[in-house]
Amino acid sequence: MAKKMAIIATKGTLDMAYPPFILASTAAALGYDVQVFFTFYGLQLLRKDLSDVKVSPLANPAMPMPIPMPVMVQMLPGMESMATMMMKQKIAKHGVASLEELRDLCLEADVKFIACQMTVDLFEFDKSEFIDNVEYGGAATFLSFAGDTDICLFV
Amino acid sequence: MNFDKELNARGLSCPLPIVKTKKALSDMVPGQVLKVISTDTGSVKDMAAFAEQTGNALVAQEEVGGEFVFYMKKG
C-alpha cells in the first residue's frame with residue numbers, strides 16, 4: 001500500500017510556491033500518493049498563466065538582496081517586478097526548475113490538485129483561467145484524503 | 001561499471017535529479033542499471049534516500065571531477 005502525503009497550499013508568491021510543488025513532485029517520484037489542496041492565495045498557482053506569481057522584498061526581511069534596501073525603497077513602484085525578475089534569473093542560473101515545469105512534473109506523476117471551491121466563489125475567480133487537471137472541492141473533500149495520510153503539511 | 005541507460009542531470013537542482021531518475025527508471029525492466037550524472041551536491045544523500053524508499057538499489061557511486069555518478073539498479 002503506497003504511502004500518502006497531503007499538502008495545503010495557501011500562498012501565492014513565487015518563493016512560497018516552490019515548497020508544495022517540490023515536495024509533491026518528489027513524493028510522487030518516491031511512490032507516494034499525493035494530493036495538494038489549493039486555497040486562498042494558493043489558488044493563483046493553478047492559473048494557466050503563472051507570470052503574475054511574484055515575490056516581494058517588502059515584509060520579507062530574510063530575502064537575500066544584492067545590496068541592503070531600506071523599506072522605503074522597497075515600497076517604490078516596480079520593486080516587486082524587479083525582485084521577481086532577479087529571483088527568476090537566480091532560479092534559472094542554478095538549474096532550479098520553473099514553477100510551470102514542477103507543476104507539469106506533478107501532473108505527469110499523477111499528483112492530484114484540488115482547488116478550494118469556496119475561495120473560487122469568494123474571489124469570483126474564472127475557472128477557465130485555471131489549468132484543466134484540477135478538481136474542485138471543499139475542506140471535507142480534502143480531509144477525506146488527508147485523514148489517512150502519512151504526511152500532511154500546511155504551506 | 002556496465003549500465004543500460006544514462007541520464008544526464010548535470011546542472012539540475014533538487015528535485016529534478018530525483019524526479020528524472022524516477023522517470024528514466026519507469027521504462028526499464030528490473031535488473032537493468034541506470035547511470036545518473038549529477039552536479040547537485042544534494043543528490044548524494046537524495047539518491048541514497050530515493051533508493052531506500054523505492055526498492056531500487058544504488059549499486060555504486062563515485063565523484064569524478066566535481067560530478068556525481070550513480071548506478072541505480074531497478075528493483
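So you know, we letter chains A, B, ... as the sequences are listed, proteins then strands, and number each from 1. Only this structure's heavy atoms are used, side chains among them; waters, hydrogens and symmetry mates stay out.
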Exercise: identify the closest heavy-atom pair between B/Pro15 and A/Thr26: CB-OG1, 3.0 Å
- prompt: For A/Leu23, is it the side chain, the backbone, both, or neither that has a heavy atom closer than 4.5 Å to a heavy atom of chain B?
  reply: neither
query: So what's closer than 4.5 Å to chain B heavy atoms on A/Phe21: side chain, backbone, both or neither?
result: neither
Honestly curious: do [X] and [Y] fall in one hydrophobic cluster under the side-chain, below-4.5 Å linking rule?
{"X": "A/Leu14", "Y": "A/Met85", "result": "no"}
{"X": "B/Val36", "Y": "B/Leu25", "result": "yes"}
{"X": "A/Phe40", "Y": "A/Phe38", "result": "yes"}
{"X": "A/Met63", "Y": "A/Leu76", "result": "yes"}
{"X": "B/Phe68", "Y": "B/Met47", "result": "yes"}

- request: Please confirm whether the backbone N or O of A/His94 pairs with a side-chain atom of B/Ser13, one donor and one acceptor, at under 3.5 Å?
  value: yes
To the nearest 0.5 Å, how far apart are [atom1] in [X] and [atom2] in [Y]?
{"X": "A/Leu105", "Y": "B/Lys23", "atom1": "CG", "atom2": "NZ", "answer": "5.0 Å"}
{"X": "A/Ser25", "Y": "B/Lys22", "atom1": "OG", "atom2": "NZ", "answer": "12.5 Å"}
{"X": "B/Ile18", "Y": "A/Ile22", "atom1": "CD1", "atom2": "CD1", "answer": "12.5 Å"}

message: Is it the case that over 12 heavy atoms from other parts of the model lie below 6.0 angstrom from the NZ atom of A/Lys48?
response: yes
query: Does atom CE of A/Met72 have more than 12 heavy-atom neighbours, drawn from other residues, nucleotides or ligands, at distances under 6.0 Å?
result: no
field: Heavy-atom pair count under 4.5 Å with chain A, highest-scoring of B/Gly55, B/Gly11, B/Cys14
entry: B/Gly11
message: Quick check: under 4.5 Å, non-hydrogen atoms only, which of residues 122-155 of chain A neighbour chain B?
response: none
